[in-house]
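Data first, discussion second: the structure below is written as structure tokens.
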Number of protein chains: 2
Amino acid sequence: MPSDHTRSAILAAAERLYADRGFGDVTLRDIVAEANVNLAAVNYHFGSKDELIAELFVTRSIATNRERLRELKAAEEEGGGRAPIEVILRALVGPTLRGCLGPENQRSTAARFMIRASIESVPPIRRIKNREIDHLRKFAGAMRRSLPDRNDVDIYWGLNFALAMAHHTIRESERLTKLSEGQCDLDDVEDVVERVVSVATMALTAGRTEAKAPSRIAAR
Amino acid sequence: MPSDHTRSAILAAAERLYADRGFGDVTLRDIVAEANVNLAAVNYHFGSKDELIAELFVTRSIATNRERLRELKAAEEEGGGRAPIEVILRALVGPTLRGCLGPENQRSTAARFMIRASIESVPPIRRIKNREIDHLRKFAGAMRRSLPDRNDVDIYWGLNFALAMAHHTIRESERLTKLSEGQCDLDDVEDVVERVVSVATMALTAGRTEAKAPSRIAAR
DNA sequence: TTGCAATTCAAACAGTTGTATGAAACTATC
DNA sequence: GATAGTTTCATACAACTGTTTGAATTGCAA
């Protein structure tokens with residue numbers, strides 16, 4: 001066993017620095033200084049800077065996705081293949097929100113890193129995110145089973161809006177806090193989860209699905 | 001009148017290149033080549049690269065904000081100081097969505113630039129976005145007048161979710177198209193606006209506001 | 001201990017970046 | 001048409017970037 005000391009020191013230092021200062025102004029030299037290793041070690045162990053970033057992001061997002069699917073599977077098994085839509089949505093947005101929100105001073109490095117990744121979206125990360133569609137399809141399938149009356153388009157829009165609310169709230173949590181002068185409590189993660197889930201549920205269940213286009217009121 | 005030829009050629013070329021290839025890999029040399037002007041012209045006319053980007057973004061976002069406020073003001077005047085919540089939300093998300101969505105081949109350079117700005121979020125742009133809170137406060141105020149029974153926290157969350165759905169749909173429009181295999185029609189902008197507005201309206205009007213915390217079902 | 005592979009290291013490389021300079025060209029005013 | 005102010009230009013600068021190199025060191029197996 002090759003001890004792995006250098007490799008994991010680089011990973012830890014890189015995640016910490018990226019989390020604190022963003023991808024934009026952290027260089028390999030910053031990372032190796034923080035990790036107390038030689039500059040060439042990054043290319044030796046990871047091949048390139050981008051592959052280092054990719055490995056960091058893949059590790060974390062695999063963990064999140066696994067947790068999502070675990071919750072989803074448990075819910076569907078309990079319901080005999082059909083889970084309530086709220087529970088599906090909670091499985092979709094819960095792990096992400098729990099991973100990224102919560103009291104700032106006790107946010108893990110991993111969480112702060114994932115927030116950065118959500119805000120800055122550098123090329124290696126974007127490439128990985130593009131491969132996440134298969135994962136989302138599983139949720140679309142579960143939602144379709146849960147709401148067999150709904151047409152696919154509504155399902156996809158509901159899924160899109162659920163992710164929108166979760167990710168935007170993470171990305172712009174500071175702004176929401178400032179806008180509301182602290183009245184919106186972003187530290188109460190379970191409250192945030194329930195807010196997102198309840199709105200997404202309404203989006204998916206309100207009205208009948210017959211009329212494909214929603215009531216179109218002329219905007220001007 | 002100093003003709004302004006060089007200055008506006010730089011602005012046009014920069015906006016086009018940033019729109020097409022993103023901020024990440026467009027250099028000043030690319031821009032001056034596209035604009036057929038000298039390299040030093042950028043620093044002469046704008047001071048620095050960041051100030052050039054800032055000017056581009058400020059111009060576009062001032063235009064959007066003006067349109068938003070125009071719609072909001074018209075609605076409130078018509079309603080005697082109190083506009084229906086749907087109309088307020090339409091004024092909030094309509095201009096942005098109309099500016100950034102629609103048939104890809106007829107999207108303006110400005111629209112594609114704003115999509116980039118929404119995705120990549122470079123420092124000079126982030127600085128400007130942080131100053132937009134005052135603008136959002138005006139909408140929060142209008143929403144409060146429209147829904148006097150709602151408490152502030154719910155208003156802010158509704159505002160947050162409305163922006164979330166609009167911006168996320170813009171940012172991830174490609175992914176939604178791919179996920180839905182083209183079934184979700186992102187080119188029908190007014191349909192998108194109505195979907196966002198109707199969900200946001202539900203978020204803001206459903207249930208009573210008495211119970212500060214929504215029904216909390218244990219997630220696990 | 002010897003030998004061999006894996007790892008670490010200092011140093012340099014090659015390229016790019018935004019910015020600064022100072023002279024040249026232009027423009028408009030008197 | 002001389003002058004003053006603005007704008008353009010070629011060029012250089014200085015700094016920083018990720019990556020590579022080849023020698024030194026380490027750790028382990030024979």
Side-chain angles (χ1 to χ4, degrees), chain A residues 1-58 113 116-117 120-128, chain B residues 1-58 113 116-117 120-128:
Chain A
M1 183 184 176
S3 101
D4 252 3
H5 173 281
T6 303
R7 218 186 118 86
S8 44
I10 292 172
L11 285 169
E15 187 167 47
R16 198 166 347 126
L17 287 178
Y18 285 141
D20 287 344
R21 299 170 18 202
F23 299 97
D25 50 72
V26 171
T27 70
L28 286 188
R29 284 169 176 81
D30 294 332
I31 294 171
V32 299
E34 179 86 358
N36 274 310
V37 301
N38 187 270
L39 173 59
V42 172
N43 289 277
Y44 178 78
H45 285 282
F46 298 93
S48 72
K49 185 195 188 184
D50 277 11
E51 289 175 84
L52 166 61
I53 295 179
E55 173 150 346
L56 281 170
F57 184 72
V58 164
F113 173 82
R116 282 287 178 190
E120 292 196 22
S121 170
V122 303
I125 289 183
R126 221 169 317 160
R127 258 172 267 145
I128 294 165
Chain B
M1 184 185 177
S3 101
D4 251 2
H5 174 282
T6 304
R7 218 187 119 86
S8 45
I10 291 173
L11 284 170
E15 187 167 47
R16 196 165 350 125
L17 287 179
Y18 285 142
D20 287 344
R21 303 176 6 209
F23 299 97
D25 51 72
V26 172
T27 71
L28 286 188
R29 283 167 177 84
D30 294 332
I31 293 172
V32 299
E34 179 87 358
N36 274 311
V37 300
N38 187 272
L39 173 60
V42 173
N43 288 278
Y44 177 78
H45 286 281
F46 299 93
S48 71
K49 185 195 189 186
D50 277 11
E51 289 175 84
L52 166 61
I53 295 179
E55 173 152 344
L56 281 170
F57 184 72
V58 164
F113 173 82
R116 283 287 178 189
E120 292 197 22
S121 171
V122 301
I125 290 183
R126 220 168 319 160
R127 258 172 265 144
I128 295 165

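Letters A, B, ... mirror the listed sequences (proteins, then strands); counts begin at 1.
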Point to revise | Spacing between B:Y44 atom OH and D:dT8 atom C1', to the nearest angstrom | key: 9 Å

Revision key, fill the gap. In whole angstroms, the gap separating C1' of C:dT8 from NE2 of A:H5 amounts to 13 Å

Practice item. With sequence neighbours left out, write down each residue that passes side chain to side chain donor-acceptor pair (under 3.5 Å) with A:R29, or none if nothing qualifies. Key: none

Exercise for review: Check whether any side-chain nitrogen or oxygen of B:T6 sits under 4.0 Å from OP1 or OP2 of D:dT7, and answer yes or no.
Suggested key: no

**Study point:** Distance in angstrom units between A:I10 CD1 and D:dG18 C1', rounded
**Key:** 14 Å

Review point. Could you give the CD1-to-P distance, from A:I31 to D:dG18, as a whole number of Å?
Key: 8 Å

Check your understanding: Roughly how many Å is it from CG in A:N36 to P in C:dT8, rounded to a whole number?
Key -> 13 Å

Check your understanding: With no hydrogens and no angle check, is any side-chain donor or acceptor of A:E120 less than 3.5 Å from a backbone partner on A:G24?
Key -> yes

Expected rows: protein N/O vs nucleotides 15-20 of chain C N/O, under 3.5 Å:
| residue | atom | partner | partner atom | Å |
| --- | --- | --- | --- | --- |
| C:dG18 | OP1 | B:K49 | NZ | 2.6 |
| C:dG18 | OP2 | B:L28 | N | 3.1 |
| C:dG18 | N7 | B:R29 | NH1 | 2.9 |
| C:dG18 | O6 | B:R29 | NH2 | 2.9 |
| C:dT19 | OP2 | B:N43 | OD1 | 3.3 |
| C:dT19 | OP2 | B:K49 | N | 2.9 |

Practice item. Rounded to the nearest angstrom, tell me the gap between atom CZ in A:F46 and atom C1' in C:dT7. Key: 14 Å

Review point. Is the shortest side-chain N/O distance from B:H45 to OP1 or OP2 of D:dT8 below 4.0 Å?
Key: yes

**Study point:** Closest non-hydrogen atom pair, A:R126 against A:S121
**Key:** NH2-O, 2.6 Å

Study note, to complete from the structure: Applied to residues 40-53 of chain B, the side-chain hydrogen bond (donor to acceptor under 3.5 Å, both in side chains) test, sequence neighbours excluded, yields B:S48-B:E51

Check your understanding: Rounded to the nearest 0.5 Å, how far apart are CD1 of A:I10 and CG of A:N36?
Key -> 11.5 Å

**Study point:** CG on B:L56 to CZ on B:F46, rounded to 0.5 Å
**Key:** 7.5 Å

